[in-house]
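So that the names make sense, note that chain A is the first sequence line, chain B the second, and so on, each numbered from 1.
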Amino acid sequence: MKDIKLNIEQIEADVLCIGGGPAGLCAAIRASEKGANVVVADKSNTLRSGDAGMGNDHFMCHIPDVQGERPGFFSKIGKMSQAVTETFWENAYDLVKRWDSWGIPMKYEGKYEFAGHSMPGQPDFFLHFSGQNTKVKLTKQAKKTGVRIINRVMILDLIHDNGTIAGAIGFDVRESKLLVFKTKAVILATGKCMRLFPQNTGSLFNTSTSPINTGDGRAMAYRAGCELSDMELNDRWSGPKYFARNGRGSWMGVFKDPNGIQIGSGKEMTGHFYPQLHENYQKSGRGPVYMDLSDISDKEYEDMKYWLVHEANTPILDFFKEEGVDPKEHPFEFMTYGLFTPGGINYNEKCETPLAGLYAAGDEFMSFYIAGAAVFGSIAGESAASFAAKTKTSDEKHTQTLVVKTKEFLETVLNRTDGATWQEANSAIQQVMADYCGLVRSETMLTAGLEHLRRLKKKLPQVLMAQNTHELMRCVEVLNLFDIGEITFVAAQERKESRQHHHRVDFPFTNPMLNEQRLVVKNKKGQPVPEWRMKA
Amino acid sequence: MAAVIDKEKCNACGICVRICPTDVYYGSKAKEIPVVTYPEECWHCNACVHDCPQNAIHLRIPLTMQVAYKS
Ligand SMILES: Cc1cc2nc3c(=O)[nH]c(=O)nc-3n(C[C@H](O)[C@H](O)[C@H](O)COP(=O)(O)OP(=O)(O)OC[C@H]3O[C@@H](n4cnc5c(N)ncnc54)[C@H](O)[C@@H]3O)c2cc1C
Ligand code: SF4
Ligand code: SF4
């Protein structure tokens, strides 16, 4: 019989940042600069964790001295409210300067360089930066500013009372320790939600963006009473076939069919804005689609490799090197990866959520990518610090009950010796999502799938088992995925039209009446309930 | 699959254990050559390869992840 016990440790601070990606770290730095006592908890290590762990190479922004007046179409980029979009463009350049001063090289050969990742016929809005060590520099700056970073702690639930936040509960993923954070404000910055849908790449961890981002922030916020937005509007990416990795826009060649005939008009980012290209070509019998670099100059090729290094693509470059194959001479295939969840906590321009003292930033709602994480991270930090300054630590009554309940549950999973591993449960949810709520959706399939998902979800607490706290982290991730999956089903049922990748065979048309509306899902007594909102 | 450590080159500094985002090296002990406990959770991000001061880590790309190219 196993008898693993979790020791309880309490940590007090003004502000807790959950997740130490660019959003969480920028939030922590700003809150600390504003005088708050700040702690960051990351389930990994902020030096290399999350989507930006091994680098990013382009940063969306507007620099008037370089680009002139801000083009009107910039205001249409992004999926959040107009106020959020305007706030982003107003603040992004400031973050460029701040990052540069923290040692992140935002200039290339002494100048700001806007290049690549552009839309056909539109001015460039992505600044090239040498970001391979962004996370190392942000971590250093956070420590310099007085932020306390606690790595290898997975946060699993928020503590709140009557709509006011009081902290969060987490556990050490390497030691048997339960951590109770008592803070005046909390910032959610846990990134995107991967591992909900299969990626068609052969394994659970072969994902284009970080496989450890499993929508934990979204799930915690939802359980605490925040609504989640756009959860049925899943998205897809494309990239090198079988080695799932973001960075497709940095491969500067053109797409060609098997006969060497170019697809699309050239370097116009077909792969960026039409990720299903590869899948559709294959289905129509014209595939595969190749990334062909043979026409670019040697200088362009060297530049491309430089930026791919900064965009975390060294493992693919190394693969080709070891294979003795030069990708310039050997076109390689691109593929369309599976669905993921960009929607989530639709925070406002101050990064507020409906819960007092709870803020969200970065990819908790994917928009503006790393630059958005920097801008809204900083704003969340500022908002949280000023909230904390006027708030007393809540003597939250049911904290104790919640701690006891959580401890008991986690210990049960840790001490169980017969049951379902996290891999089994993760594969089960992926199977249901793909078969019933995937690329083709209909009322009957959604209804049947949701019933099945709920049956499995109910069994999870009775069967999940973990050999240690590492596997416990994966189990809790899967529990979150089941919550997100259920919410996705409910939203997909409610949206009786087709839009983007939400394809309803029973409602194949896009309903223009819904263009100005947004679908949210709320937690009402433990049940996900959809509601429509006018877009702000 | 995943990370392969050259025991001759490794000086047991623990950097890879500290930074691996998915904690593939879970259970490694301080001042000992790291153990690859959860290879199937490797994201193949190259962080450990890049940050290892001894150049002791090599990624074996699993067959399921090998990029398909024209010969
Ligand atoms: C290969 C690649 C290349 C990219 N290139 C670009 C680019 O060039 N330009 C661009 O704009 N964008 C790019 N992106 C996207 C960009 O990296 C993200 O938009 C950005 O990192 C989002 O920042 P974030 O802080 O919101 O989330 P993340 O950076 O993903 O950080 C989330 C953090 O939360 C932690 N975490 C998650 N759950 C928990 C939990 N329960 N408890 C505690 N901690 C938790 C994670 O460990 C992680 O550290 C790229 C992404 C990838 C994967
Ligand atoms: S970083 Fe390199 S030298 Fe250090 S423990 Fe890991 S493998 Fe060994
Ligand atoms: S490649 Fe990345 S995920 Fe794999 S062991 Fe190294 S650091 Fe960990």
Selection from [options] maximising heavy-atom pairs under 4.5 Å formed with chain B:
options	value
A:V173, A:N468, A:T314	A:N468
A:K43, A:Q423, A:M473, A:Q132	A:Q132
A:E329, A:K241, A:R174, A:M335	A:R174
A:S44, A:P315, A:G202	A:P315
A:L204, A:N313, A:N45	A:N45

Contact part of [X] toward chain B, heavy-atom cut-off under 4.5 Å: side chain, backbone, both or neither?
X	answer
A:T46	neither
A:D318	side chain
A:F243	both
A:E322	side chain
A:T201	backbone
A:P258	backbone
A:V136	neither

For a quick test of reading the model, state the closest non-hydrogen atom pair linking A:T207 to B:W43 and the distance between them. O-NE1, 2.8 Å
Can you name the nearest heavy-atom pair linking B:K70 to A:D257, along with the distance? NZ-O, 4.5 Å
Taking non-hydrogen atoms and a cut-off under 4.5 angstrom, which of residues 208-215 of chain A neighbour chain B?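 So far as heavy atoms go, A:S208, A:T209, A:S210, A:P211, A:I212 are the residues that approach chain B to under 4.5 Å.
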Is the shortest heavy-atom distance from the side chain of A:M54 to the side chain of B:V49 under 4.5 Å? no
Residues which pass side chain to side chain contact (heavy atoms under 4.5 Å, CB included) with A:M465, listed by chain and number, not counting sequence neighbours: A:R416, A:T421
Looking at [X], I want to see if its [atom1] is surrounded by more than 12 non-hydrogen atoms of other residues, nucleotides or ligands under 6.0 Å.
X	atom1	result
A:Q467	CD	no
A:K177	NZ	yes
A:Y242	OH	no
B:K7	NZ	no

B:Y38 and A:E471: side chain donor to acceptor below 3.5 Å: yes
Go through the steps for B:Y69 and A:M291 under the test side chain to side chain contact (heavy atoms under 4.5 Å, CB included), then give the verdict. CA-CA 9 Å; B:Y69 60 87; A:M291 166 52 60; over 6 Å; no
Let's go through B:Y26 and A:T469 carefully: what are the C-alpha distance in whole Å and the side-chain angles of both, what is the deciding distance for side chain to side chain contact (heavy atoms under 4.5 Å, CB included) to 0.1 Å, and is it a yes or a no? CA-CA 10 Å; B:Y26 172 88; A:T469 46; 4.0 Å; yes
Considering only heavy atoms and a distance below 4.5 Å, find which of B:N46, B:L59, B:L63 pairs most often with chain A. B:N46
Enumerate the residue pairs fulfilling salt bridge (charged side-chain N to carboxylate O under 4.0 Å, His left out) with a member in residues 47-59 of chain B, sequence neighbours excluded, ordered by first and then second residue.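 Qualifying pairs: A:R48-B:D51.
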Distance check, rounded to the nearest 0.5 Å: [X] atom [atom1] versus [Y] atom [atom2]?
X	Y	atom1	atom2	answer
A:I316	B:H44	CD1	NE2	11.5 Å
A:E323	B:Q66	CD	CD	6.0 Å
B:Y25	A:H470	OH	NE2	13.0 Å

Using a heavy-atom cutoff of under 4.5 Å, enumerate the residues of residues 10-23 of chain B that contact chain A, numbered in order, or state 'none'. B:V17, B:R18, B:I19, B:C20, B:P21, B:T22, B:D23
Full working for side chain to side chain contact (heavy atoms under 4.5 Å, CB included) between A:N133 and B:H50: CA-CA 11 Å; A:N133 293 316; B:H50 181 270; 4.0 Å; yes
